[in-house]
Amino acid sequence: MHKVFRTTGKLHWVKDASGKPVSNEFEWPVIVNAKYELKPSPQQPVIIEICGQNLIGMGQTLEKLVLDNGITLTGRTIGGGGQLNTGEIKRMRMFDLEQGKIVLRPTNAGSPVADIDSVVFGVVSSSPLGRANCSNGVARPGFPFSFRETFPKHLTKTRWSAHALRLHYRDLEIIFVGTSKYWKKLVARHTLQHDSIVGVRKSKGRPMTWDEFNNAATLLSNFLGWINHCVSPVFHVKAYKKRRLVYRGYDLYPHATIQRDEFSWLPRFGPENEHGVSAGRHADNVQDLLNSFVQVWDKNIAERGIFHLALQMLRSREKGSPNDKPAIGYMRDTFTACDILLGILIGSNSRRSRNDVMLHCIKKVGVENELPSLEKKDRESVLSG
């Protein structure tokens with residue numbers, strides 16, 4: 001868990017339990033700790049801890065925190081309690097936060113709306129892009145812009161990651177590298193897969209607009225989500241100008257979902273060996289696949305066509321925990337969506353039909369009693385091989 005900030009402020013009572021505004025506004029001086037840990041949807045990643053005298057929260061009234069660092073948060077509180085007016089310090093938490101994000105302005109770092117030239121952000125569910133079998137260079141873990149195509153001769157390999165992947169989107173350079181301790185603290189890794197961070201910058205160090213970055217981040221989130229049919233949000237952003245930090249923001253509602261790594265669609269695009277089996281997930285294939293994805297994305301984004309509808313079908317929140325078997329309804333939606341996307345991106349002449357792939361995956365996950373449209377004897381025949 002990562003500590004975002006610790007500050008003082010005042011807690012205001014805004015609405016009562018019936019939702020009516022409070023005419024005589026109450027306020028309490030408080031100390032606030034904000035912590036962050038990304039968890040699967042619908043859990044909020046930001047944890048707000050409040051300390052102060054005579055606090056009580058029942059989760060029914062609406063409160064507002066006006067903090068001395070310039071941030072204002074609105075939500076409901078629970079905790080505190082006990083005998084009031086004793087001067088005893090109480091602790092409680094705020095939940096159901098209404099803000100979309102927390103934006104911090106680092107000291108001596110300028111305005112968050114200033115021009116930027118590079119951005120680093122965290123992602124979940126980046127496998128297999130963040131692994132060694134899908135790389136075209138090396139970099140230091142946690143530092144995407146240290147990317148090199150080969151290990152520097154004057155440095156030891158122990159300080160460098162064994163893999164890094166560089167892609168290109170229009171005139172942007174996108175680099176996947178291994179994560180570090182700082183980024184690991186931001187993610188509950190017992191429920192979400194997090195093994196890489198991403199750096200984005202323009203070629204030749206030119207300035208980048210926030211619109212350009214936001215478009216690239218949205219595209220990458222959907223691209224990763226399609227590969228592993230999940231929601232892979234950009235959950236923490238650090239922007240730089242001339243290597244100086246000018247913005248840091250924590251997204252409060254990223255809605256991450258569980259990645260199903262064994263069902264990744266990326267291996268189907270690797271080069272085939274002599275037996276006609278996909279033999280790898282190489283960087284050139286990923287770049288070609290991203291190019292195809294971008295072309296269709298640009299054509300469909302305005303009218304939100306069937307391509308975007310299929311992407312939404314992959315964002316099921318009913319996937320269960322990493323060790324649970326996926327529901328059959330989720331699997332039907334997933335493979336239907338992947339079939340649509342596969343047909344749009346590379347045509348419908350794939351070697352295996354959607355039904356073949358679906359049956360293979362259901363066999364692998366072990367939900368034989370839920371195979372659709374099969375009699376018991378047919379089901380046993382399929383599962384036996």
Side-chain angles (χ1 to χ4, degrees), residues 4 36 38 41 44-46 71 97-106 109-126 129-130 144-145 165-177 183 186-187 194 196-227 230-257 287 290-291 293-305 307-309 311-312 314-315:
V4 179
Y36 188 103
L38 183 62
S41 177
Q44 278 189 343
V46 174
I71 293 174
L97 297 173
E98 296 184 355
Q99 280 65 35
K101 65 178 62 177
I102 285 181
V103 174
L104 299 181
R105 302 185 182 186
S111 168
V113 297
D115 291 335
I116 55 177
D117 54 32
S118 59
V119 179
V120 177
F121 54 88
V123 291
V124 292
S125 307
S126 60
L129 268 65
F145 301 124
L165 172 66
R166 180 171 60 185
L167 303 173
H168 296 277
Y169 167 57
R170 294 177 179 162
D171 59 346
L172 296 179
E173 180 184 26
I174 302 168
I175 306 173
F176 288 79
V177 301
W183 296 91
L186 293 163
V187 183
H194 168 65
S196 61
I197 62 170
V198 183
V200 175
R201 65 183 176 185
K202 269 198 170 181
S203 58
K204 299 181 181 179
R206 291 179 295 168
M208 176 171 53
T209 66
W210 278 103
D211 283 342
E212 287 176 313
F213 164 70
N214 289 329
N215 291 336
T218 303
L219 176 75
L220 282 175
S221 177
N222 281 272
F223 181 64
L224 291 174
W226 171 62
I227 288 174
C230 61
V231 180
S232 178
V234 173
F235 62 87
H236 174 40
V237 174
K238 297 174 73 174
Y240 298 85
K241 182 178 181 180
K242 296 180 179 179
R243 298 186 179 182
R244 187 164 60 99
L245 182 66
V246 296
Y247 173 91
R248 184 166 76 241
Y250 299 80
D251 195 350
L252 298 187
Y253 299 100
H255 296 309
T257 55
Q287 183 65 66
L290 177 61
N291 294 341
F293 194 92
V294 168
Q295 290 177 4
V296 182
W297 175 275
D298 290 342
K299 291 178 182 177
N300 283 261
I301 194 168
E303 64 269 19
R304 311 298 291 181
F307 182 75
H308 282 76
L309 293 176
L311 287 172
Q312 292 301 315
L314 303 179
R315 295 172 172 249

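Just so it is clear, the values below take in all heavy atoms, side chains as well, and ignore hydrogens, waters and symmetry mates.
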Answer yes or no: is there a side-chain heavy-atom contact under 4.5 Å between [X] and [Y]?
| X | Y | answer |
| --- | --- | --- |
| V4 | V46 | no |
| P207 | I116 | no |
| L220 | V123 | no |
| V120 | V198 | no |
| N222 | F293 | yes |

Does this structure show an ion pair linking D117 with R243, if we count only N-O contacts that are shorter than 4.0 Å? no
Checking side-chain contact (heavy atoms from CB on, under 4.5 Å) for the pair V187/V124: CA distance, chi angles, key distance, verdict? CA-CA 8 Å; V187 183; V124 292; 4.1 Å; yes
Partners of Y240 by ring-ring contact (aromatic ring centres under 6.0 Å, His included), sequence neighbours excluded? none
Exercise: identify the closest heavy-atom pair between [X] and [Y]:
| X | Y | result |
| --- | --- | --- |
| I175 | F145 | CD1-CD2, 4.2 Å |
| G122 | W183 | N-CZ3, 3.4 Å |
| L224 | S125 | CB-O, 4.2 Å |

side-chain contact (heavy atoms from CB on, under 4.5 Å) between V119 and V237: does it pass, once the steps are laid out? CA-CA 7 Å; V119 179; V237 174; 3.6 Å; yes
side-chain contact (heavy atoms from CB on, under 4.5 Å) evaluation trace for I197 with V177: CA-CA 6 Å; I197 62 170; V177 301; 3.7 Å; yes
Applying salt bridge (Lys or Arg N to Asp or Glu O under 4.0 Å), name anything that partners [X], two or more places apart in sequence or on another chain.
| X | value |
| --- | --- |
| R170 | D298 |
| K238 | none |
| E173 | R166, R201 |

Would you call the rings of Y250 and Y36 parallel, tilted or perpendicular, taking 30° and 60° as the class edges? tilted
Go through the steps to decide whether L167 and L290 satisfy the test side-chain contact (heavy atoms from CB on, under 4.5 Å), and finish with yes or no. CA-CA 8 Å; L167 303 173; L290 177 61; 4.0 Å; yes
If the condition is side chain to side chain contact (heavy atoms under 4.5 Å, CB included), which residues does N215 pass it with, not counting sequence neighbours? none
Donor-acceptor pair, distance only, cut-off 3.5 Å: does the side chain of H236 make one with the backbone of G249? yes
Sequence neighbours left out, what passes side chain to side chain donor-acceptor pair (under 3.5 Å) with N291? Give chain and number order. Q287
Please name the residue in the list Y247, F213, F176 that meets the ring pair (Phe, Tyr, Trp, His ring centres under 6.0 Å) test with F121. F213
Could you walk me through whether S232 and S221 pass the side-chain hydrogen bond (donor to acceptor under 3.5 Å, both in side chains) test, one step at a time? CA-CA 5 Å; S232 178; S221 177; 5.5 Å; no
If a pair satisfies salt bridge (Lys or Arg N to Asp or Glu O under 4.0 Å) and one of its residues is in residues 208-222, list it, with sequence neighbours excluded. K202-E212
